[in-house]
Every structure is written in C-alpha cells, then in structure tokens.
Amino acid sequence: MKKKGLLFIISGPAGSGKGTIVKRVRELAEFDFSVSATTRSPRPGELEGVHYFFVGKQEFEEKIAAGEMLEYAEYVGNYYGTPKKPVEKALSAGKNMILDIDVQGALQVKEKLPEAIMVFVLPPDFATLMRRIRGRGTESPEIIDKRMQKARVELECFDQYDYIVTNRDNDVENAAQDVLAILKAETLKTFRNRDIKEHFFS
Ligand code: 5GP
C-alpha cells in the first residue's frame, strides 16, 4: 500500500517570513503547495492560481457551504481558506504537502487531520517583527496596524505547535534547513515505518 504523504502546516505572524521559507524549502525538497482561496485583492506581482485563487466574498461563502474547504478563517477583514480536494489528492498519492495558513486555520486542520505536522515560524524578537510588518510597503497604515494586533494574538498560540523555527534576518537558509530537519525526523518516525518490520523478517 502506498504511504500517505506528510502534511506540513507552516504558520507565523505577518512579518515572520514564512512565505520566503516555504519558497526555499520547496526548492530543496519535494512538496506540493496548497494554493489558498482568498477574498483579498492581489498584491502587485501576485498571480491567480499561483499565489492564491482570488475570489469574491459570495463565491467564497458558496465554497464553504458546499463543503469544499478543508479549513477557512477570517484574517484582517478577508476570508482565506484551503481547498480540500487538492490536499486529499496529494496526500493519498504519497506526496508531501505544505500549507501556509494562519493559526485559526491550522488548528482546524489539526483537528481534522491529527497527523499534520505543525511548524510555527518566529522572527528573533518583537522589534524585528514590527519592523518587518511596517517595511513591506504594500499595505495601508490601517492594515499594518491590524496585522500587528493580529501578530500579537497569533504569538500567544505558538505553544500549540509541534515545532518552532526562528527566522533571523538574512538567514532564510538556516530556517529552511530547520524545516528540512523536521521533515527528515518525521519521515523516520516509527509509526510511519511499520512496514520495515514486516520486510525485515520476510
Ligand atoms: P497574506 O494576506 O499576507 O497573503 O496572508 C495573510 C495570512 O493569511 C497569513 O498568515 C497566511 O498564512 C494566511 N493564509 C493564507 N492562506 C490561508 C488559508 O488558506 N487559510 C488560512 N486559515 N490562512 C491563510
């Protein structure tokens, strides 16, 4: 029987740099990325179906009602959610999958799929976090303020995660290597390798 793929959930406050880490991890290891649906507007350079599926509020609510979302959350005034089918398909095909989602969504996934591996990305300290949120330059002061408040709430939740990865300035490589180390250790877990015993004695 084909082994199921591993489901990695990466969360962390805005400014934690988790998007950059996910990008680097995917260059170094094979992971399918779940493209989320969102009602927020695209930022310059963001592409439909690559960074997000950009949908209207009504369409998003229809997807929720039709049971098409594995999880969803409201984040700073917009809906964000993970379409269920691609995740199920990838995992049953034995592919590893990575989700970059907020804390509310992560906890919903963990409840439905307890074998999910939860990784929280943190900047080295709060001052760095504030600087990074201000520094993106694509958001209005009001949104920046909301993202900062949200970051504080998210930070309260990090002990619900399995692993913490610190993302220091200019050191994405180190953080990506930490995620790969987690991948390696999780791959070697006994419960994922019961077949080894059978093969060993046969
Ligand atoms: P951004 O607007 O900066 O792209 O994303 C804002 C937040 O929404 C980030 O914390 C990101 O991880 C989260 N997010 C992105 N996609 C999803 C999703 O499908 N579900 C949930 N719950 N959060 C998401």
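Below, all heavy atoms of this structure are taken into account, side chains as well, without hydrogens, waters or symmetry copies. Atoms within a ligand are numbered from 1 in the order they appear, just like the ligands themselves.
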### Note, Leu107 side chain near Met118 side chain (heavy atom, < 4.5 Å)
yes
### Message
For the CD atom of Glu88 and the CG atom of Leu7, what is their distance to the nearest 0.5 Å?
### Response
11.0 Å
#### Entry: Side chain proximity check, Val87 to Val109, heavy atoms < 4.5 angstrom
no
### Task
Tell me the residues surrounding ligand 1, counting only those with a heavy atom closer than 4.0 angstrom, sorted by chain and number.
Lys18, Ser36, Arg40, Arg43, Tyr52, Glu71, Ala73, Tyr75, Tyr80, Gly81, Thr82, Asp100, Ile101, Asp102, Gly105, Arg147
### Message
With a 4.5 Å cut-off on side-chain heavy atoms, are Tyr72 and Thr82 touching?
### Response
no
### Message
Any heavy-atom pair between the side chains of Val103 and Tyr75 that's under 4.5 Å?
### Response
no
### Query
Should Glu156 and Arg152 count as an ion pair when the cut-off is N to O under 4.0 Å?
no
